[in-house]
Participant: 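If you scroll down you'll find the structure; I have some questions about it.
Bear in mind that the values here come from a model prediction, so they are computed numbers and not experimental data.
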Protein chains: 2
Amino acid sequence: MDRFEDIRAAALELFTRQGFRATTMADIGAAVGMRGPSLYKHVESKQDLLARIMTTTMEALSAGYRTAVASSDDPAQRLRRATEAHVRYHARHRLEAFVGNREIRSLVDPHRARVLALRAEYEHGFRELVADGVAAGVFHVDSVRLASYAVLDLGMGVSAWYREDGELTEDAVVWQYSTFALRLVGHTR
Amino acid sequence: MDRFEDIRAAALELFTRQGFRATTMADIGAAVGMRGPSLYKHVESKQDLLARIMTTTMEALSAGYRTAVASSDDPAQRLRRATEAHVRYHARHRLEAFVGNREIRSLVDPHRARVLALRAEYEHGFRELVADGVAAGVFHVDSVRLASYAVLDLGMGVSAWYREDGELTEDAVVWQYSTFALRLVGHTR
DNA sequence: AGTTCCGGCTAACATCCATTAGCCGAGCCG
DNA sequence: CGGCTCGGCTAATGGATGTTAGCCGGAACT
């Protein structure tokens, strides 16, 4: 019915498997049963397709972060919740997250700057969470920046190898990874 | 003097910044002061340039792993040493490591299969290290596979953000990240 | 029934790119 | 000195690709 959504999904799948530049409009068309040029009846451009994927992804991550942080005042609890949201998104929307991390270079400048800004803000949020825990004396790390990078990197990894039909459920991955995050920052309960 | 090495280095830099497909032979040529076609006096093909980068990278990582593992019998010590080697390589050779992780899709099939095999073996090694620690009762994780992925993912992150002229020295990053790895697997000393 | 418009299609355009062919100056070898 | 080889260059090749233009069948509305 909704041709646009079909196209977006097909493009996402192909961008993930082959990369943005290696995916042709003809490929995307074939995946939804039409020729390349016909796509332009539904879509503005290949670049626009990528831009939509990347901005909605970053906005979804940011929204998840805000909800997680608002749910508690305890630093450890907040970091766990934020990491859960982070990892859950990377598992549930692994294609979006994968492309979002990998194809910033392919994004052209109005959108690119916007996505980079969103991402910087997102990273900053995690750094603050770690810093709060250190200030409260419940986390112990040498470098706050390093630790927050490490936590974020865990999520990126998930989007690379997670499979819905794998042996581990989404909840299991989310739980273990958020445990990893707390261990990593030296949380003492 | 050694034109080939200059070209390799320039290609590596460009592959990192723009991606393999977005980098043209003319770009690489310009970076070493010649036109695109002239490169073929020194290099077999663009694909070959990538293949050399990726295979030498995987072989260097594997060699580092073997040395690290041979250095001790204690599971915790072995995991720390292996992670140190892993992270150190990703910091010291961040361009190689970055391209190595990101451009497998651009590698064509004789080399691609080879690199994937090397990588699978490498991952398997880390899984074993974690499994040994669990068996010895010094590590505590729900899923060995998940924990070893997490440790490996930490390294990949390093190659994305590490800068030689940053505020953190290579040794500092290596030390903290290997500490993260041990905390992550629930090492009880 | 006639008309409109949606959503396909093919053809054409304008690039861009890896690679090959063939030329040529300069330094080295005999 | 004369030729050979090295390593550059330009031109050409062969193909791919994003996008635009314009056609056309059929469904839907009046």
Side-chain angles (χ1 to χ4, degrees), chain A residues 1-55 95 99-100 102-112 115, chain B residues 1-55 95 99-100 102-112 115:
Chain A
M1 309 300 133
D2 188 352
R3 284 281 187 239
F4 177 78
E5 191 41 41
D6 292 349
I7 293 170
R8 193 193 113 102
L12 180 57
E13 156 88 20
L14 287 163
F15 291 166
T16 305
R17 224 177 34 224
Q18 313 181 336
F20 177 73
R21 283 194 70 118
T23 299
T24 75
M25 291 303 270
D27 289 340
I28 302 173
V32 295
M34 66 178 75
R35 304 304 176 95
S38 304
L39 292 170
Y40 289 86
K41 298 285 168 152
H42 306 277
V43 154
E44 196 175 311
S45 68
K46 192 185 165 190
Q47 178 70 213
D48 180 66
L49 227 26
L50 179 63
R52 283 172 190 272
I53 289 171
M54 308 228 350
T55 52
L95 301 186
V99 170
R102 221 128 168 146
E103 298 289 359
I104 320 185
R105 292 179 308 192
S106 305
L107 207 55
V108 105
D109 218 0
H111 303 107
R112 179 207 181 100
V115 170
Chain B
M1 305 298 132
D2 188 352
R3 285 282 186 238
F4 178 80
E5 190 42 40
D6 292 349
I7 293 170
R8 192 194 114 104
L12 179 57
E13 156 88 18
L14 287 163
F15 291 167
T16 305
R17 224 177 36 225
Q18 313 181 336
F20 177 74
R21 284 194 69 118
T23 299
T24 74
M25 291 303 273
D27 289 340
I28 302 173
V32 295
M34 66 178 76
R35 304 304 175 94
S38 303
L39 293 170
Y40 289 86
K41 298 283 168 156
H42 306 277
V43 154
E44 194 174 313
S45 68
K46 192 183 163 191
Q47 179 69 214
D48 181 65
L49 227 25
L50 179 63
R52 283 172 190 272
I53 290 170
M54 308 229 349
T55 52
L95 301 185
V99 170
R102 224 130 166 143
E103 299 289 0
I104 320 183
R105 291 178 309 192
S106 306
L107 207 57
V108 105
D109 219 359
H111 304 107
R112 178 206 182 102
V115 170

Participant: Under the ring-ring contact (aromatic ring centres under 6.0 Å, His included) rule, what pairs show up with a residue in residues 23-54 of chain B, not counting sequence neighbours?
Facilitator: none
Participant: Using five pairs at each end of the helix from C:dA1-D:dT30 to C:dG30-D:dC1 to define an axis, what is the angle between those two axes, to 10°?
Facilitator: 10°
Participant: Return no unless some side-chain N or O of B:His42 is found under 4.0 Å from OP1 or OP2 of D:dG8.
Facilitator: yes
Participant: B:Arg105: which residues meet the salt bridge (Lys or Arg N to Asp or Glu O under 4.0 Å) condition with it, sequence neighbours left out?
Facilitator: A:Glu103
Participant: Please give, in whole Å, the distance from D:dT19 C1' to A:Lys41 NZ?
Facilitator: 13 Å
Participant: In chain order, what residues pass the side chain to side chain contact (heavy atoms under 4.5 Å, CB included) check against B:Ala30, with sequence neighbours excluded?
Facilitator: none
Participant: Are any of the side-chain heavy atoms of B:Leu50 and B:Val108 separated by less than 4.5 Å?
Facilitator: no
Participant: By side chain to side chain donor-acceptor pair (under 3.5 Å), which residues pair with B:Thr23, not counting sequence neighbours?
Facilitator: B:Gln18
Participant: Who are the side chain to side chain donor-acceptor pair (under 3.5 Å) partners of A:Arg21, not counting sequence neighbours?
Facilitator: none
Participant: Please list all pairs meeting salt bridge (Lys or Arg N to Asp or Glu O under 4.0 Å) that have one or both residues in residues 30-51 of chain A, counting only residues at least two apart or in different chains.
Facilitator: A:Asp48-A:Arg52
Participant: Expected output is a numbered-order residue list: members of residues 20-39 of chain B with a heavy atom under 4.0 Å from any atom of DNA chain C. What is it?
Facilitator: B:Thr23, B:Thr24, B:Met25, B:Pro37
Participant: Is there any ring-ring contact (aromatic ring centres under 6.0 Å, His included) pair reaching into residues 11-38 of chain B, and which pairs are they, with sequence neighbours excluded?
Facilitator: B:Phe15-B:Phe20
Participant: Kindly write out the residues that satisfy side chain to side chain donor-acceptor pair (under 3.5 Å) with B:Arg112, not counting sequence neighbours, or none if the list is empty.
Facilitator: none
Participant: Going 5' to 3' along DNA chain C, between which two nucleotides do contacts with chain B fall, using a heavy-atom cut-off of 4.0 Å?
Facilitator: C:dC17 to C:dT20
Participant: Holding to side chain to side chain donor-acceptor pair (under 3.5 Å), I want the full list of residues that pass it with B:Glu13, two or more places apart in sequence or in another chain.
Facilitator: B:Arg17
Participant: For the side chain of B:Arg3, counting heavy atoms from C-beta on, which of D:dC23, D:dG8, D:dT20 is nearest?
Facilitator: D:dG8
